[in-house]
J.: 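Pasting a structure below so you can have a look.
Below, each value reflects all heavy atoms present in this structure, side chains not excepted, and no hydrogens, waters or symmetry copies.
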Amino acid sequence: MPATANRPLDLTQLRAVLAVRDSGTVTLAAEQIGLSQPAVSRLIAALESELGFVVFERTRKRMVLSERGAKFLDEAQSAMRGMARLAVLAGELRRGSHGLLRVGAIAPLALGLVARAISLYSRKVANITVVIEVLGRQAQLEELRAGRLDIALAAMPFSGSGLRVEPIFEADAVCLLQSNHPLARRGTITPAELADQPLVLGRPESIVRQRLDDTFRQGNHMQKVVAVADNTPLVTALVAAGGGVAVTHAFPEETLPANVVTRTFRPRIPFTYAIVTQAGDFRSLAIADFIATLRSVSREIERASLPRRAHRTAAQPAGRRRKR
């Protein structure tokens with residue numbers, strides 16, 4: 001009879017097999033969890049002995065999950081997420097908090113929607129600590145699946161199983177430029193007008209960059225890229241420093257540098273932003289309440305932007321605009 005019938009599984013063994021599954025090799029797994037390669041191999045062998053079946057099929061180059069191993073590790077990962085959450089919660093309880101809510105968001109949403117939601121939420125809910133992390137969409141999904149985030153907020157689409165995706169609002173990408181830039185006198189800016197301008201862009205794999213590149217290609221316009229940044233705040237800082245012009249997600253007006261303005265970019269590059277949670281996780285009251293607060297704040301932002309859009313014309317230079 002396997003030893004697991006008499007005692008619980010060792011968490012170190014679970015960490016080791018999950019690391020091998022995710023990395024594909026014992027060597028990489030050992031580096032990730034800070035153990036030697038022989039130590040990881042021993043942990044896997046010990047676990048397989050206790051389970052009574054093989055978790056990995058050995059090949060010359062990689063460790064391949066067996067059918068039973070794949071099913072086991074799916075449940076093991078859920079258990080490890082729960083353990084990670086318990087450890088964090090225990091720390092918060094020691095510090096006198098009664099709960100912890102972990103939220104990830106791309107920078108434009110963190111500085112606008114999430115910041116306002118936290119302010120409102122903290123006045124309604126006592127003894128809940130909200131931890132906000134500014135992360136790219138892919139990093140958020142990895143943290144969410146690992147159980148280190150409760151809520152993620154980013155632009156759609158999202159791929160992969162096990163996610164609950166709830167659209168929250170829509171907004172268009174905008175052009176960012178210094179207030180004294182000649183194009184700042186225009187209400188709307190097009191790719192043709194940016195063709196000879198120094199551009200500060202996001203990384204090629206980002207959604208906004210991919211859609212902007214498509215827009216330029218469709219109009220047969222060249223890009224003069226002078227800088228590439230891996231996050232939107234850095235793009236904004238480069239624009240403020242005179243590094244160039246950018247097209248990116250809309251930021252709240254009050255968070256932009258004093259010398260940076262936004263202008264409408266056409267053709268539209270629309271985004272649908274969404275709240276993402278684990279599909280199978282039980283949604284606690286704290287998570288449900290915070291999501292309701294996010295929706296309430298997004299409606300307020302949406303309503304506040306309507307009068308500006310209704311009265312804006314191409315002949316009227318657009319000041320900084322608060323996007324939905």
J.: Does a side-chain N-to-carboxylate-O contact under 4.0 Å join Arg148 and Glu142?
T.: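 Answer for the salt bridge query: no.
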J.: To the nearest 0.5 angstrom, please state how far the CG atom of Leu101 sits from the OG atom of Ser122.
T.: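 With rounding to 0.5 Å, CG (Leu101) is 12.0 Å from OG (Ser122).
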J.: Checking Ala152 now: which residues fulfil side chain to side chain contact (heavy atoms under 4.5 Å, CB included) with it, not counting sequence neighbours?
T.: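 Expected list: Gln140, Leu144, Val276.
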J.: According to side chain to side chain contact (heavy atoms under 4.5 Å, CB included), who are the partners of Ala29, at least two apart in sequence or on a separate chain?
T.: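 Only Ala19, Val20, Ser23 meet the side chain to side chain contact (heavy atoms under 4.5 Å, CB included) criterion with Ala29.
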J.: Would you check if Pro252 and Thr255 make a side-chain contact, meaning some heavy-atom pair closer than 4.5 Å?
T.: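 The answer is yes; the side chains approach within 4.5 Å.
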J.: List the residues meeting side chain to side chain contact (heavy atoms under 4.5 Å, CB included) with Gln178, not counting sequence neighbours, and say none if there are none.
T.: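 Listed in chain order: Asn180, Asn259.
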J.: Taking only Lys NZ, Arg NE, NH1 and NH2, and the carboxylate oxygens of Asp or Glu, determine whether Asp214 and Arg217 approach each other closer than 4.0 Å.
T.: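 A salt bridge is present here (some side-chain N lies under 4.0 Å from a carboxylate O).
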J.: When rounded to the nearest 0.5 angstrom, what is the spacing between OG1 in Thr12 and CD1 in Ile33?
T.: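 One gets 8.0 Å once the value is rounded to the nearest 0.5 Å.
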J.: If you measure from the Lys or Arg side-chain nitrogens to the Asp or Glu carboxylate oxygens, is any gap between Glu166 and Arg295 under 4.0 Å?
T.: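 Answer for the salt bridge query: yes.
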J.: Do any N or O atoms from the side chain of His221 and from the backbone of Gly219 form a donor-acceptor pair under 3.5 angstrom?
T.: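 Here the side-chain-to-backbone pair exists.
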J.: Does Ile106 reach the side chain of Leu135, with side-chain heavy atoms less than 4.5 Å apart?
T.: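 When only atoms from C-beta onward are counted, Leu135 and Ile106 do not touch, as no gap falls below 4.5 Å.
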J.: Does any N or O in the side chain of Thr215 come within less than 3.5 Å of the main-chain N or O of Arg211, such that one atom is a donor and the other an acceptor?
T.: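 Yes, the answer is positive, given that a donor and an acceptor are paired below the 3.5 Å cut-off.
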J.: To the nearest 0.5 angstrom, please state how far the OG1 atom of Thr188 sits from the CZ atom of Arg266.
T.: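 Between atom OG1 of Thr188 and atom CZ of Arg266 there are 6.5 Å.
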J.: Examine distances only and state if a side-chain atom of Arg263 and a backbone atom of Val174 form a donor-acceptor pair shorter than 3.5 Å.
T.: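 No; zero donor-acceptor contacts below 3.5 Å.
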J.: State whether a side-chain donor-acceptor pair under 3.5 Å links Glu57 with Ser66.
T.: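 No, Ser66 and Glu57 have no side-chain donor paired with an acceptor closer than 3.5 Å.
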J.: Is any side-chain heavy atom of Leu212 closer than 4.5 Å to one of Leu201?
T.: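 Contact flag for Leu201/Leu212 side chains = yes.
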J.: Quick one: does Leu163's side chain get under 4.5 Å of Thr277's, heavy atoms only?
T.: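 When only atoms from C-beta onward are counted, Thr277 and Leu163 do not touch, as no gap falls below 4.5 Å.
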J.: Is any side-chain heavy atom of Asp150 less than 4.5 Å from a side-chain heavy atom of Val103?
T.: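 In short, these two side chains do not touch, never coming nearer than 4.5 Å.
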J.: Please check if the side chain of Arg209 supplies one atom and the backbone of Gly202 the other of a donor-acceptor pair under 3.5 Å.
T.: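 Such a contact is found between Arg209 side chain and Gly202 backbone.
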J.: Within the 4.5 Å heavy-atom criterion, are Ile151 and Ile275 side-chain neighbours or not?
T.: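 The answer is yes; the side chains approach within 4.5 Å.
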J.: As an exercise, state the distance from CG of Leu18 to CG of Leu11, rounded to the nearest 0.5 Å.
T.: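 The distance works out to 10.5 Å.
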J.: Looking just at side-chain N and O atoms, do Ser119 and Arg123 make a donor-acceptor pair shorter than 3.5 Å?
T.: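 Side chains of Ser119 and Arg123: pair found under 3.5 Å.
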J.: Starting at CG of Leu47, measure out to CZ of Phe53 and round the result to the nearest 0.5 Å.
T.: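 Taking CG in Leu47 and CZ in Phe53, the distance rounds to 7.5 Å.
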J.: Would you call the rings of Phe216 and Phe265 parallel, tilted or perpendicular, taking 30° and 60° as the class edges?
T.: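 Rings of Phe216 and Phe265: parallel, as their planes differ by under 30°.
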J.: Salt-bridged, Arg102 to Glu133, with N to O below 4.0 Å?
T.: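 No, no charged N to carboxylate O under 4.0 Å.
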J.: Quick one: does Glu48's side chain have a donor or acceptor within less than 3.5 Å of a partner on Phe56's backbone?
T.: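 Yes.
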J.: Using modelled atom types only, decide if a donor and an acceptor are shared between the side chain of Ser49 and the backbone of Ala45 within a distance under 3.5 Å.
T.: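 No: the side chain of Ser49 does not pair with the backbone of Ala45.
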J.: Determine yes or no for a side-chain-to-main-chain donor-acceptor pair under 3.5 angstrom, with Tyr121 supplying the side chain and Ala286 the backbone.
T.: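 Flag set: sc Tyr121 to bb Ala286 pair under 3.5 Å.
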J.: Could you tell me which residues satisfy side-chain hydrogen bond (donor to acceptor under 3.5 Å, both in side chains) with Thr293, sequence neighbours excluded, listed by chain and number?
T.: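 Partners of Thr293 by the side-chain hydrogen bond (donor to acceptor under 3.5 Å, both in side chains) criterion, ordered by chain and then number, come out as Lys124.
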J.: Please name all residues satisfying side-chain hydrogen bond (donor to acceptor under 3.5 Å, both in side chains) with Ser296, sequence neighbours left out, ordered by chain then number.
T.: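 Residues passing side-chain hydrogen bond (donor to acceptor under 3.5 Å, both in side chains) with Ser296: none at all.
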J.: Would you mind reporting whether Phe72 and Leu51 have side-chain heavy atoms less than 4.5 Å apart?
T.: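 A side-chain contact under 4.5 Å exists here.
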J.: Answer yes if Phe290 and Val134 sit in the same cluster of Ile, Leu, Val, Met, Phe, Trp and Tyr residues linked by side chain heavy atoms under 4.5 Å apart, and no otherwise.
T.: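 Looking at the clustering, Val134 is in a separate group from Phe290.
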J.: Please report, to 0.1 Å, the donor-acceptor pairs under 3.5 Å made by any side chain of residues 222-236, with sequence neighbours excluded.
T.:
unit_1	atom_1	unit_2	atom_2	d
Gln223	NE2	Asp213	OD1	3.0
Asn231	OD1	Leu234	N	2.8
Thr236	OG1	Thr232	O	3.0

J.: Are there over 12 heavy-atom neighbours, none belonging to Glu67, within less than 6.0 Å of that residue's CD?
T.: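 No, CD of Glu67 has 12 or fewer neighbouring heavy atoms, counting only those of other groups under 6.0 Å.
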